[in-house]
Trainee: 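Have a look at the structure that comes next, please.
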Amino acid sequence: DTHRSPFLPPDTVPWASSPGLFLVFQAMSSICSMKICLVLAAAAIAAFLVVPVGADETMLLQKSALMSKVAAAKAAEKAPKQPFLVGLRRESVPIYRKGKIASFKTSYSGVLTLGTPAQEFRVVFDTGSGHLVLPAAECATEACMVEGRRKFNMSASDTSVAINSDGSLVPEGEHCDQVTIGFGTGEITGEFAKDIVCFGIGGASTEPPRADEAASASDAGAVVVAEGAADTSGGTEMCVEMSVILAVEMSTSPFKTFRFDGILGLGLDGLALNKEFSFFEMLLGKGLPASQFGIFLTEGEEGEDSEVAFGGIDDRRLLEPLSWAPVVMPEHGHWQVSILAVRINGVELDICKDGTCRGVVDTGTSHLGIPAPADKEVADLLTREAGDLVDCRLVDAPEMEIDLPGYTLTLHPYNYMRRLPLREGVSVSSVQGVFVPAADETNSAVAPAGDATAAPAAAEGTTLAAAAPVPVEAAAPDAAAPPAAAPAAEPGAAATPGEGEEEQVRRFCRPRLMPVRLPAPLGPKLFILGEPVLHRYYTVYDWGNRRVGFSLANNRRNTMDPSQIVDRRGALPQEVDMLLYQKSMTVVREASSSVARRALPGTTVSAVGVAAAAALQNEGLQEETVLVQVKLRVTVRQRRA
């Protein structure tokens, strides 16, 4: 210690940050004379100051940065991973009759891209089908030629290859395999390709609507009312290489009506040709935090956005813990659950008492599907007179309960009623509904009454796909009425008004139901749980455990205090004219026929002839959208030896 006094004090040399220098200095002090040590120590200090000190500090900084990265990685591992969110937009598409809006069809769609460079498409996220289907550039059917329809151009993608159904490459100059897929409403024929599918590139889910979508609904060309879209999670992207179907033919219904381009099937792998075609199956290999996806659908009237969450659950959307129902018959690929009982106003219906009822949870279906002929019974129990109501969701009507294993779905009028009241005799539903003939039947077969798989009678009255307003000059006769040239009423029948007399027109609130006629193994007692259920419940699809989760959705309607609903009459959408307010009709008798003509008070209209009534029967574009996959047929081309 006596030899340290000549040296610089400790706080003026870098040994505080360099322990090695301090030890060297101590050793030198104990063995050297003061003069020699002074020289040696000065040289050592200079050497440490010039090179070693800087290197030592750099090493310490690098070590600190590395420790920070390790700590951050460990924290990230402990933190719960969030699902990837894709915003969905609700499209409300007006259906026209002679220039007038007659009804509305709805769907939910989001944006993805296909190919390199990316080509953007809007698709329905459909739990009822099993493939990604997009229109091919070569598609020339009416639905593919709709203005604004986006079609995939394989030749413009550096990563796209044509394949057959088994995944083999299509040799140049050879024809490829084809597939025909039938949905509850509609059909496509397509060919196969493999390419890269992505979500979230450039914030695609929030792109501005196309010019034709942004048009006012009052314009003649108005087609879409967009009602909200959410951002993709964090502006990141999620990509997967998979096999896709490029449609070369698309049926007019429903594809011509909507402005979505295609369908992304989210059904189980049993619905897909093989796992390479199953989007979620392929996505599981990309490090998702969970083998689940959750779906939140709203009507968008309260400014709420709809979404799908890939890789988990968006907990913000739940009002209660999830209740799980196991998937039955998963080999068929549908998210299908057992239905133990159905009650209306607390009274159990007979249909499910034999224990054979099941329900497919389908995000691509706008209505509640009921096995025929029970749909008529359910409709009668839920229908109410509208009176002065203009929004039927506010009507006083019974609850409908659907018992699942361990959970009960409860639907209120706001969930299952159509918004617009219907005049007596006007129907907006298709007579056929969802129909697939049994192996020994054809589409034109008529089976005995009460057969749930039977094709409906072709002459079951006039069915208009119109929620009113219908053009006055094209007003429909009563759906239950006989043809225009009907025979005179039999004795005892209700009296009809004489010529020029007025008759009160009744208006009804009717539920959004449709008949389902499917043979085994899916039918005959198959329900389709579409938008009326999905607007009330957040649903989770657990791929790994083959089960479906239900929770009351955290939306405005479910959290609203009933006392806050002060408007018990409602309001009409802006696009709907005053025809709904019609209170009477005038009957005019002609020499050749008797036709009921509906007129607004004080309005003079021309007679509706038999030919016009017949034309109306052929103008029945249905209101329902049903994308449940019910048929798949592959045509394999002959391979070269």
Side-chain angles (χ1 to χ4, degrees), residues 124-131 181-185 263-272 278-281 291-295 297 322-342 351-352 354-372 374-375 401-409 411 433-436 438 452-453 513-534 536-551 625-632:
V124 172
F125 288 67
D126 177 31
T127 57
S129 61
H131 306 87
I181 300 177
F183 302 96
T185 53
I263 301 167
L264 178 65
L266 296 174
L268 292 165
D269 45 15
L271 278 177
S278 175
F279 169 74
F280 199 73
E281 180 74 36
S291 59
Q292 302 172 342
F293 59 92
I295 293 181
L297 299 184
L322 286 164
S323 296
W324 297 97
V327 171
V328 296
M329 303 169 66
E331 65 275 10
H332 294 293
H334 291 289
W335 293 101
Q336 187 176 187
V337 297
S338 294
I339 293 180
L340 307 180
V342 176
I351 182 172
C352 294
D354 63 358
T356 64
C357 287
R358 285 168 280 107
V360 170
V361 188
D362 182 31
T363 56
T365 294
S366 58
H367 285 50
L368 183 64
I370 308 290
D375 62 299
E401 297 171 291
I402 303 173
D403 285 347
L404 309 179
Y407 195 72
T408 297
L409 304 174
L411 303 181
V434 181
F435 171 64
V436 174
T453 65
L513 306 180
M514 63 182 182
V516 179
R517 298 175 171 89
L518 294 177
L522 283 179
K525 293 188 177 182
L526 183 75
F527 291 73
I528 300 179
L529 308 180
E531 286 182 22
V533 171
L534 299 170
R536 180 162 168 78
Y537 293 94
Y538 186 87
T539 50
V540 179
Y541 306 82
D542 190 333
W543 195 277
N545 296 301
R546 297 296 197 258
R547 58 181 183 168
V548 181
F550 297 86
S551 166
T625 302
V626 188
L627 295 179
V628 171
Q629 183 177 312
V630 295
K631 180 180 69 175
L632 188 148

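Positions are given from 1, in the same order as the sequence printed here.
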Trainee: To the nearest 0.5 Å, how far apart are CE in M514 and CG in L368?
Mentor: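 The distance works out to 7.5 Å.
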Trainee: Just so I know, are the side chains of V533 and F527 near enough to count as touching, which here means a heavy-atom distance under 4.5 Å?
Mentor: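 Side chain of V533 against side chain of F527, heavy atoms only: no contact under 4.5 Å found.
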Trainee: Taking the side chain from K525 and the backbone from C352, do they hold a donor-acceptor pair closer than 3.5 Å?
Mentor: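 Answer holds: no.
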Trainee: Rounded to the nearest 0.5 Å, how far does CG of L264 lie from NE2 of H131?
Mentor: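 Answer rounded to 0.5 Å: 11.5 Å.
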Trainee: Taking the side chain as every heavy atom from C-beta outward, state whether V540 and F293 have any atom pair closer than 4.5 Å.
Mentor: no
Trainee: For D375 versus P515, what's the shortest heavy-atom pair and its separation?
Mentor: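 Shortest heavy-atom separation between D375 and P515 comes out as OD2-CB, 3.4 Å.
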Trainee: Measure across A325 and V337 and return the closest heavy-atom pair with its distance rounded to 0.1 Å.
Mentor: CB-CG1, 3.9 Å
Trainee: On a heavy-atom basis, which atom in Y407 and which in S323 lie closest, and how many Å separate them?
Mentor: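 Minimum heavy-atom separation between Y407 and S323: CD1-OG, 3.2 Å.
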Trainee: Backbone N or O of D269 within a donor-acceptor pair of the S278 side chain at under 3.5 Å?
Mentor: no
Trainee: Could you tell me which non-hydrogen atom of T363 sits nearest to which non-hydrogen atom of L534, and how far apart they are?
Mentor: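 Here T363 and L534 meet closest at CA-CD1, 3.6 Å.
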Trainee: Passes side-chain contact (heavy atoms from CB on, under 4.5 Å), F550 versus T539? Steps please.
Mentor: CA-CA 5 Å; F550 297 86; T539 50; 3.8 Å; yes
Trainee: Quick one: which of V327, L268, L266 gives a side chain to side chain contact (heavy atoms under 4.5 Å, CB included) with W543?
Mentor: L268
Trainee: Passes side-chain contact (heavy atoms from CB on, under 4.5 Å), R536 versus L409? Steps please.
Mentor: CA-CA 9 Å; R536 180 162 168 78; L409 304 174; over 6 Å; no
Trainee: Please give me the minimum heavy-atom distance between S366 and P532, naming the atom from each residue.
Mentor: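 Closest approach of S366 to P532: O-CD, 3.7 Å.
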Trainee: Can you classify the ring geometry of W335 versus Y541 as parallel (below 30°), tilted (30 to 60°) or perpendicular (above 60°)?
Mentor: perpendicular
Trainee: Would you give the length of the straight line joining atom CD of Q292 to atom CZ of F280, rounded to the nearest 0.5 angstrom?
Mentor: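 Between atom CD of Q292 and atom CZ of F280 there are 8.0 Å.
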Trainee: Given R358 and H334, is the side-chain contact (heavy atoms from CB on, under 4.5 Å) satisfied, shown in steps?
Mentor: CA-CA 11 Å; R358 285 168 280 107; H334 291 289; over 6 Å; no
Trainee: For R547, which residues count as a salt bridge (Lys or Arg N to Asp or Glu O under 4.0 Å) partner, sequence neighbours excluded?
Mentor: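 Partners of R547 by the salt bridge (Lys or Arg N to Asp or Glu O under 4.0 Å) criterion, ordered by chain and then number, come out as D542.
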Trainee: Would you say D403's side chain and L340's backbone share a donor-acceptor pair under 3.5 angstrom?
Mentor: no
Trainee: Below 4.5 Å, heavy atoms only, C-beta onward: do S129 and I181 meet side chain to side chain?
Mentor: no
Trainee: Would you check, one step at a time, whether the test side-chain contact (heavy atoms from CB on, under 4.5 Å) holds for L529 with I402?
Mentor: CA-CA 10 Å; L529 308 180; I402 303 173; 4.2 Å; yes
Trainee: Measure across L322 and S551 and return the closest heavy-atom pair with its distance rounded to 0.1 Å.
Mentor: CD2-CB, 3.8 Å
